[in-house]
Amino acid sequence: MMEGDEERALAHTLTAWFERHRRDLPWRRTRDPYAIWVSEIMLQQTRVDTVIPYYQRFLGRFPDVASLASAPLDHVLQHWQGLGYYRRARQLHAAAEQVVADHGGVFPNTVEGLRALSGVGPYTAGAIASIAFDAPAPLVDGNVARVLSRRFGIWDDIKQGRTQKELWRIAGDLVRQAAPPGAFNQALMELGATVCTPRSPKCEQCPLAADCVARAEDAVDRLPVVGAKKAPRTVRLVAAVVTHERTQRVLLAQRHADGLFGGLWEPPMVEGDDLETTRGQLGRLGAPPSVELREVGEVTHLLTHRRLDVTVARAHTARAHRLRKPSEPYVQLRWTDPAEVALSTLARRVLETADQPQERLF
DNA sequence: AACACGGGGTG
DNA sequence: CACCCAGTGTT
């Protein structure tokens, strides 16, 4: 058999399947590299259904790379609030400036050129190169890793560097025999997203079932192999929601650009669980002294690597005190309307909890 | 190689 | 509740 025949057959089968079963997604209605880039950044570790409304709003407000590059970062963050991994928004903005400044507003069309953009790693570079420019560039994401590990019976931990290297090699062998490469890469991911799912895969609908090693060995539910994950650490916090009585503005703090919820605003939070200590800590943060905090509720927020148990305390003040420069993790304090700034989902939930009317216990 | 980084859908 | 998602950058 000629070298590459098996790859060519698989690629053809999968691409043909994709033509019949592809979902109609907003970013599949364009060949604009900018729009495809935005979608790929949003889709990092984020599901299609979550991304769609964000993508629509974002493209409406920032229709091209120039409009994104010239927009204030705060506006970009506001359109990102709730999506998570906020560093992506900052890097997207920085990369837009890169494209305008270094490439005259024209997107790079090679993997190497794309890789140089902030926030574009090996996956995203392969995605843009293949989907927007039809370059025969491979890509491996969670879906592709799952499909390939099952189809070829790969029993090594897919998180390991060596296994990843092997997966990228296979993906490369396949995409080089595919036409067009962009459709093939999307087909691979689409299969993983809709048929070759992590649990309860629909093997009876799978175009690759006949040649699937995992299927043949009745091992579909044991592949891919993924190493054990660490349990998230629990952190106890107190959030202080201080409202200015006349204006109803709230004391909000902006987080440092690096780290958790980078660049977003929230009611000041300090580690710990007792209100007395919190009051002192707030002073250290530059907040008004001696506000009377009253506990009004509890919010539990789950992240991949953290569990945040937040006690929500509320206070009112008659005067909007002059604010000092806060200490870490905050960079600035402001009396503001929460609707006017970018909030994390945690901050939103804290504010909602503080807004609930207090019920008497009896 | 390990870790930080959000949020939500799914079984 | 556990799992994991169209990953990247830092340490």
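Convention: sequence-line order gives letters A, B, ...; per-chain numbering from 1.
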- Task: Using a 4.0 Å heavy-atom cut-off across all strands, classify A/Arg255 as base, sugar-phosphate, or nothing.
- Result: nothing

- Please walk me through it: do A/Phe62 and A/Phe58 pass ring-ring contact (aromatic ring centres under 6.0 Å, His included)? CA-CA 6 Å; A/Phe62 312 107; A/Phe58 199 94; 4.8 Å; yes

- Message: I want to check something: taking the side chain as every heavy atom from C-beta on, are A/Gln356 and A/Val296 in contact at a cut-off of under 4.5 Å?
- Response: no

- Task: Name all residues meeting the salt bridge (charged side-chain N to carboxylate O under 4.0 Å, His left out) criterion together with A/Asp24; count only those two or more places apart in sequence or in a different chain, and write none if there are none.
- Result: A/Arg29

- Touch check for A/Ile158, heavy atoms < 4.0 angstrom, all strands: base, sugar-phosphate only, or nothing? nothing

- Decide yes or no for A/Val310 and A/Thr300: does some side-chain heavy atom of the first lie under 4.5 Å from some side-chain heavy atom of the second? no

- Task: Indicate, with a heavy-atom threshold strictly under 4.0 Å, whether A/Val120 touches base, sugar-phosphate, or nothing.
- Result: sugar-phosphate

- Message: At 4.0 Å (heavy atoms only), tell me whether A/Thr124 reaches a base, stays on the sugar-phosphate, or touches nothing.
- Response: sugar-phosphate

- Message: Less than 3.5 Å apart, any donor N or O on the side chain of A/Tyr123 or A/Glu40 sitting next to an acceptor on the other?
- Response: yes

- Task: Indicate whether any N or O donor in one side chain lies under 3.5 Å from an N or O acceptor in the other, for A/Thr15 and A/His12.
- Result: no

- Of all residues at least two apart in sequence or in a different chain, which pass the side-chain hydrogen bond (donor to acceptor under 3.5 Å, both in side chains) check with A/Arg249? none

- Message: In the structure I gave you, are the side-chain heavy atoms of A/Thr345 and A/His301 within less than 4.5 Å of one another anywhere?
- Response: yes

- Separation of the P atoms in B/dC3 and C/dA6, to the nearest angstrom: 24 Å

- Sugar-phosphate, base or nothing in reach of A/Gln186, heavy atoms under 4.0 Å: nothing

- Query: Of A/Gln160 and A/Arg306, whose nearest nucleotide on DNA chain B comes first from the 5' end?
  - Reply: A/Gln160

- Task: For B/dG8 versus C/dT8, give the span between their P atoms, rounded off to a whole number of Å.
- Result: 22 Å

- Item | B/S/- contact track for nucleotides 6-11 of chain B, protein heavy atom under 4.0 Å | BBBBB-

- Strand contacts (DNA chain B) in residues 227-235 of chain A, 4.0 angstrom heavy-atom criterion: A/Lys230

- Query: Which is it for A/Ser130 and A/Asn185 under the side-chain hydrogen bond (donor to acceptor under 3.5 Å, both in side chains) test, yes or no, and what are the steps along the way?
  - Reply: CA-CA 7 Å; A/Ser130 63; A/Asn185 280 340; 3.0 Å; yes

- Query: Do A/Thr124 and A/Gln44 pass the side-chain hydrogen bond (donor to acceptor under 3.5 Å, both in side chains) test, and can you show the C-alpha distance, the side-chain angles, and the key distance before you say yes or no?
  - Reply: CA-CA 8 Å; A/Thr124 306; A/Gln44 289 171 7; 3.0 Å; yes

- Could you check which residues of residues 126-155 of chain A get a heavy atom under 4.0 Å from DNA chain B? Sort them by number, please. none

- Message: By nearest heavy atom, map A/Ser118 and A/Arg28 onto DNA chain C; which one lands nearer the 5' end?
- Response: A/Arg28

- Task: Nearest whole angstrom, please: distance from the C1' of B/dC5 to the CG of A/Leu308.
- Result: 12 Å

- Nucleotides bounding contact with chain A, strand DNA chain C, heavy-atom threshold 4.0 Å: C/dC3 to C/dG9

- Would you indicate what A/Trp80 reaches in the nucleic acid, counting non-hydrogen atoms under 4.0 angstrom: base, sugar-phosphate, or nothing? nothing

- Item | salt bridge (Lys or Arg N to Asp or Glu O under 4.0 Å) between A/Arg349 and A/Glu266, worked out | CA-CA 10 Å; A/Arg349 294 178 62 203; A/Glu266 66 189 21; over 6 Å; no

- Message: Can you confirm whether or not the ring centre of A/Trp80 sits under 6.0 Å from the ring centre of A/Tyr54?
- Response: no

- Query: Between A/Ser118 and A/Arg90, do the side chains contain an N or O donor and an N or O acceptor separated by less than 3.5 Å?
  - Reply: no

- Message: Before you tell me yes or no, could you show the steps for A/Val106 and A/Val99 under side chain to side chain contact (heavy atoms under 4.5 Å, CB included), namely the whole-Å CA-CA distance, both residues' side-chain angles and the distance that decides it to 0.1 Å?
- Response: CA-CA 6 Å; A/Val106 179; A/Val99 171; 5.9 Å; no

